[in-house]
Visitor: 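If you scroll down you'll find the structure; I have some questions about it.
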Amino acid sequence: MLNTQSPNSVPLRLPTQAPADFLVLENVAKVYPTPKGPYPVLQDVNLSVAAGEFICLIGHSGCGKTTLLNMVSGFATPSSGYVTLHDRPITGPGPDRMVVFQNYALLPWLSALENIYLAVDSVYPRKSRPEKMAIAREHLALVGLTDAADKCPPQLSGGMKQRVSIARALAIRPEVLILDEPFGALDAITKEELQEELLKIWNDHRCTVLMITHDIDEALFLADRLVMMTNGPAAQIGEVLTIPFPRPRQRERIMEDPEFYRLRNYALDFLYNRFAHDDE
Ligand SMILES: Nc1ncnc2c1ncn2[C@@H]1O[C@H](COP(=O)(O)OP(=O)(O)OP(=O)(O)O)[C@@H](O)[C@H]1O
């Protein structure tokens with residue numbers, strides 16, 4: 001039985017027909033066929049996301065977060081239910097939804113600039129090469145990497161690689177930016193720097209962001225809402241917390257706010273008491 005008490009007065013399970021119907025997941029279930037029989041990963045997932053919202057998704061390993069976002073990116077399809085963008089079902093990947101992975105997924109033999117150019121080229125085949133180069137350079141500059149334009153991924157630090165990967169995703173102006181634990185492999189200082197850069201870019205460009213994280217503090221700093229998943233099999237959205245801190249956000253001010261600790265404790269309780277993993 002899901003708890004319906006929230007630390008703030010926002011509905012925990014959003015109604016299917018919430019006003020924010022830019023991106024909608026409606027009664028979504030996903031079942032994977034396995035040698036031991038069908039494995040139900042997700043069931044009854046309902047979420048409505050407004051254009052320009054920043055959503056973080058948290059839940060124990062294996063609960064189905066990536067599966068859920070794969071149905072938004074179009075790499076997977078729901079076994080039942082619907083995922084719609086602008087009221088149209090998502091039927092496959094498209095340049096309106098870009099994914100940034102934890103392991104960067106850059107082509108190691110291409111320079112930072114060429115990695116971005118390749119994406120731009122695939123989406124704007126009719127633009128001239130100088131126009132596409134200009135877009136690639138502009139986005140490399142956006143993440144502060146102009147000087148590293150000619151370096152290939154093996155010559156870049158983890159943080160730099162993730163900057164290139166974010167620039168590549170943004171260069172094709174997606175409506176939805178999907179981030180799958182983008183900062184999970186980075187050291188704490190680089191992670192904080194990139195969180196701040198991401199917030200600034202999001203503030204300036206306002207795409208909708210869906211981001212998986214295992215870090216509650218990161219989610220509270222970045223997101224408008226934190227979606228907390230129950231454990232699988234047949235995981236659901238357990239609760240959705242609204243994060244009320246005003247924007248632009250300053251980390252120091254948030255850390256001084258008692259509300260930060262109230263929300264943090266609430267999310268920790270959700271993950272480690274109410275929906276603890278069997279092995280915890
Ligand atoms: N193609 C597939 N076929 C069968 N089972 C799969 C497939 N993809 C994922 N799974 C299983 O579905 C469950 C959910 O996987 P998923 O990667 O979505 O979880 P997650 O919450 O993103 O995990 P993590 O936090 O560890 O990345 C896992 O038990 C996984 O083994």
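Note that ligands are numbered from 1 as they come in the structure, with each ligand's atoms numbered from 1 the same way.
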Visitor: Contact between ligand 1 and His214 is defined here as a heavy atom of the residue under 4.0 Å from a ligand atom; is it met?
Guide: yes
Visitor: Regarding Ser111 and Tyr117, is there a side-chain donor-to-acceptor distance under 3.5 Å anywhere?
Guide: no
Visitor: Is there a donor-acceptor contact under 3.5 Å from the side chain of Asp180 to the main chain of Phe101?
Guide: no
Visitor: Do side-chain atoms of Lys30 reach the backbone of Pro40 as a donor and acceptor pair under 3.5 angstrom?
Guide: no
Visitor: Heavy-atom contact check, 4.0 Å cutoff: does Gly59 meet ligand 1?
Guide: no
Visitor: Looking only at protein heavy atoms, which one is nearest to atom 14 (C) of ligand 1, and what is the separation?
Guide: Gly62 O, 3.2 Å
Visitor: Within a distance under 4.0 Å of any heavy atom of Gly64, pick out the atoms of ligand 1 and give their elements.
Guide: 14 (C), 16 (P), 18 (O), 19 (O), 20 (P), 21 (O)
Visitor: If you have a sec, work out which protein heavy atom is nearest atom 5 (N) of ligand 1 and how many Å separate them, to one decimal?
Guide: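 Minimum-distance protein heavy atom for atom 5 (N) of ligand 1 reads Tyr32 CD1, 3.4 Å.
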Visitor: Does any donor atom in the side chain of Ser128 or Glu131 lie under 3.5 Å from an acceptor atom in the other side chain?
Guide: yes
Visitor: Tell me which protein heavy atom sits closest to atom 25 (O) of ligand 1, plus the residue, atom name and distance to 0.1 Å.
Guide: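 Of every protein heavy atom, Lys65 NZ, 2.8 Å lies nearest to atom 25 (O) of ligand 1.
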Visitor: Quick check on atom 23 (O) of ligand 1 - does any protein heavy atom sit closer than 4.0 Å to it?
Guide: yes
Visitor: Which of the atoms of ligand 1 are close to Cys63, meaning less than 4.0 Å from one of its heavy atoms?
Guide: 19 (O), 21 (O)
Visitor: Between His139 and Arg173, do the side chains contain a donor N or O and an acceptor N or O under 3.5 Å apart?
Guide: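 Yes, a side-chain donor-acceptor pair sits under 3.5 Å.
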Visitor: So that I can tick it off, tell me whether Asp215 and Lys191 are bridged by a salt bridge, with the cut-off set at under 4.0 angstrom between side-chain N and carboxylate O.
Guide: yes
Visitor: Among all protein non-hydrogen atoms, which one is nearest to atom 17 (O) of ligand 1, and what is the separation to 0.1 Å?
Guide: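 That would be Thr66 CB, 3.7 Å.
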Visitor: Between the side chains of Glu53 and Arg225, is the shortest nitrogen-to-carboxylate-oxygen separation below 4.0 Å, so that they form an ion pair?
Guide: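 Yes, charged N to carboxylate O under 4.0 Å.
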Visitor: Does Gly232 come within less than 4.0 Å of ligand 1, judged by its heavy atoms?
Guide: no
Visitor: Is atom 28 (C) of ligand 1 in close reach of the protein, with a heavy atom under 4.0 Å away?
Guide: yes
Visitor: Suppose we measure from atom 16 (P) of ligand 1 to each protein heavy atom; which comes out shortest, and what is that distance?
Guide: Thr67 OG1, 3.7 Å
Visitor: Is a donor from one side chain sitting under 3.5 angstrom from an acceptor on the other, for Asn203 and Arg206?
Guide: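 There is such a pair (donor and acceptor under 3.5 Å, judged by atom type) between the side chains of Asn203 and Arg206.
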Visitor: Nearest heavy atom to atom 26 (O) of ligand 1 wins, so pick from Ala76, Pro38, Ser61, Pro40.
Guide: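 Answer by nearest heavy atom: Ser61.
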Visitor: Salt bridge check, Asp121 against Lys127: does any charged N sit closer than 4.0 Å to a carboxylate O?
Guide: no
